[in-house]
Amino acid sequence: MMIITGQKPDSEEDTTICPFKVVTSEEEIKDLHQRLDKARFVEPLEDSYFHYGFNATYLKKIVSYWRNQFNWKKQVEILNQFPQFKTKIEGIDVHFLHIKPPHLSEGQSAKPLLMIHGWPGSVYELYKIIPFLTDPVNHGLNGDHVFEMICPSIPGFGFSEAPHKKGFNPMCAARIFYKLMLRLGFHKFYIQGGDYGSLISTNLGQIAPSHVKGIHINIVFLSTMSFKQLLSILLGQYFPGLFGFQAEDIQQIFPFKKKVLNRILLETGYLHLHATKPDTVGCGLNDSPVGLAAYILEKFSTWTDRSFKKLEDGGLEKKFTLDDLLTNIMIYWTSGCVVSSMRFYKELLGKGIGIEKHETLPVKVPTGIASFPNEVLHIPQSWARKKYANIVSFNFMPRGGHFAAFEEPELLAADILQFVDKVEKATFDQ
């Protein structure tokens with residue numbers, strides 16, 4: 001029986017698709033400015049840089065820019081540059097972008113692409129990659145394939161309504177997005193995702209394999225490991241060929257204690273909080289814009305490049321502009337979604353790891369994996385094949401980290417295009 005994860009409709013579900021635009025008000029901006037003016041800062045330890053978290057000296061600079069120079073009204077116009085809509089699915093108002101190609105060659109048709117963001121991102125982290133995929137020729141990429149893109153906000157994130165009942169996990173989101181694609185008339189489509197987008201893409205490939213032509217992900221999550229995989233941790237550095245390791249794998253995961261265990265220990269404290277007590281820590285973040293910015297932007301520093309911990313500004317402006325970073329923060333702030341976005345971890349991990357039936361099921365749809373060198377977690381292709389049975393593309397990217405679409409949109413777009421080309425040619429040959 002299908003579980004209704006939002007508020008149960010009084011009657012048959014309304015399938016209307018309504019245009020949506022982001023709006024702001026003077027009251028909203030005034031309230032933000034008052035809170036920024038009253039911010040309390042703690043002096044950082046000498047030479048601590050980003051090793052203790054977000055450096056308060058640099059945080060003061062960000063808050064000053066946010067208060068005195070950042071133009072939210074201008075950013076709202078940027079957010080509204082692409083067509084946006086809302087539709088109710090299982091009682092939840094789902095927000096999504098729907099972008100069609102500006103032009104197609106004669107005889108060419110657009111391929112539907114569902115692209116899904118993660119935490120602590122939003123649909124805005126996909127804005128820079130959209131032109132590369134909907135109009136590749138005019139952006140220096142191969143134009144054999146052009147996409148019609150659907151980019152939803154995960155329920156509980158940004159402008160999508162938050163679930164009202166317990167249990168809304170990535171599999172539920174996959175089901176919602178599957179229904180969204182069918183409602184839009186797409187019965188065969190590709191999916192791309194990073195972070196939570198990777199999990200949701202994977203789940204959708206599991207529940208609707210006849211509708212998913214292929215999934216492309218830029219991070220792999222494994223909830224179980226075989227004996228051979230565990231053995232490879234001990235011996236893989238010495239006998240890489242025996243375990244299918246490539247040179248890049250050795251560089252990324254050995255020595256295992258330093259490259260994997262220590263990294264997990266240092267970078268997953270937030271995950272434990274979210275998976276256990278999201279509402280507690282979320283209270284402070286939902287009430288303080290400065291606290292929210294520090295909490296989220298610290299991830300945009302460390303997850304982009306671990307070496308940025310050694311910099312007082314966290315290297316944030318090496319890959320991003322303050323306007324881009326603060327626009328993502330403002331989506332969380334104005335929608336008040338930080339708590340509901342954090343609850344997603346509780347729903348995913350609250351019952352334990354590796355106990356859901358789908359976690360042990362292989363993904364049989366064609367899969368493409370882009371492995372970025374500064375990603376927090378590296379999974380070798382030989383390990384990934386235990387989950388993804390049909391990997392047609394696995395590429396080590398030359399640069400980039402966790403927020404691939406935001407950091408390196410052209411690189412990621414090119415990898416998506418070559419993956420789709422392989423899938424299409426394989427399908428044609430059959």
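If you read the sequence from its start, that first residue is 1, and numbering goes on from there.
No side-chain donor from either of S153 and H117 sits under 3.5 Å from a side-chain acceptor of the other. S122 and N328 share a donor-acceptor pair across their side chains, judged by distance under 3.5 Å alone.
R399 and E407 are not joined by a salt bridge, as no carboxylate oxygen comes within less than 4.0 angstrom of a charged side-chain nitrogen. Salt-bridge check for K60 with E43: passed, with a basic side-chain N closer than 4.0 Å to an acidic carboxylate O. A salt bridge is absent between D305 and K318: the closest approach of a Lys/Arg side-chain nitrogen to an acidic carboxylate oxygen does not fall below 4.0 angstrom. Here K309 pairs with E267 in a salt bridge; the nearest charged N to carboxylate O distance falls below 4.0 Å. Salt bridge annotation for R175-E90: present, with a cationic side-chain nitrogen under 4.0 angstrom from a carboxylate oxygen.
Panel note: side chain Q84, backbone L79; a donor-acceptor pair is recorded below 3.5 Å. Between the side chain of N80 and the backbone N or O of V22, at least one donor-acceptor pair lies under 3.5 Å. Side-chain N or O atoms of E161 include one that pairs as donor or acceptor with a backbone N or O of D93 at under 3.5 Å. When atom types are taken as modelled, the side chain of N395 and the backbone of M397 share no donor-acceptor pair closer than 3.5 angstrom. For H139 (side chain) and D135 (main-chain N/O), a donor-acceptor pair under 3.5 Å exists by modelled atom type. Side-chain atoms of T24 never come within 3.5 Å of backbone atoms of K73 as a donor-acceptor pair (strictly under, hydrogens ignored). Between the side chain of K188 and the backbone N or O of S210 there is at least one donor-acceptor pair closer than 3.5 Å.
Of the residues listed (I296, T302, I62, V290), the one engaging F54 in a side-chain contact (heavy atoms from CB on, under 4.5 Å) is I62, and it is the only one. Checked options T304, L311, L325; the residue passing with L316 is L325 (criterion: side-chain contact (heavy atoms from CB on, under 4.5 Å)). A side-chain contact (heavy atoms from CB on, under 4.5 Å) with F186 is found for exactly one of L113, L180, L114, I150, namely I150. The one candidate from F308, W303, Y196, F300 that meets the ring pair (Phe, Tyr, Trp, His ring centres under 6.0 Å) condition with H402 is W303.
For K310, the side-chain contact (heavy atoms from CB on, under 4.5 Å) criterion is met by H51, not counting sequence neighbours. Scored by the side-chain contact (heavy atoms from CB on, under 4.5 Å) test, K386 finds S226, Q229 as partners (sequence neighbours excluded).
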Do K74 and D323 pass the salt bridge (charged side-chain N to carboxylate O under 4.0 Å, His left out) test, and can you show the C-alpha distance, the side-chain angles, and the key distance before you say yes or no?
-> CA-CA 10 Å; K74 177 184 175 183; D323 283 345; 5.4 Å; no
Decide side-chain hydrogen bond (donor to acceptor under 3.5 Å, both in side chains) for Y124 and D324; before the verdict, give the C-alpha distance in whole Å, the side-chain angles of both, and the deciding distance to 0.1 Å.
-> CA-CA 8 Å; Y124 183 63; D324 282 338; 2.5 Å; yes
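Between F344 and F157, the gap from one ring centroid to the other is short of 6.0 Å. With ring centers used as reference points, F394 lies under 6.0 Å from F396. In summary, the aromatic rings of H216 and Y190 are positioned with their centroids too far apart to meet the 6.0 Å limit.
Relative orientation of the W119 and Y270 rings is parallel, given thresholds of 30° and 60° on the angle between their planes.
Annotation for Q251: atom CD does not count as buried by contact number, only 12 or fewer foreign heavy atoms lying within 6.0 Å. For F256, the CZ atom sits in a packed shell: over 12 heavy atoms of surrounding residues, nucleotides or ligands are nearer than 6.0 Å. Residue F41 qualifies as enclosed at atom CZ: its count of foreign heavy atoms under 6.0 Å is above 12.
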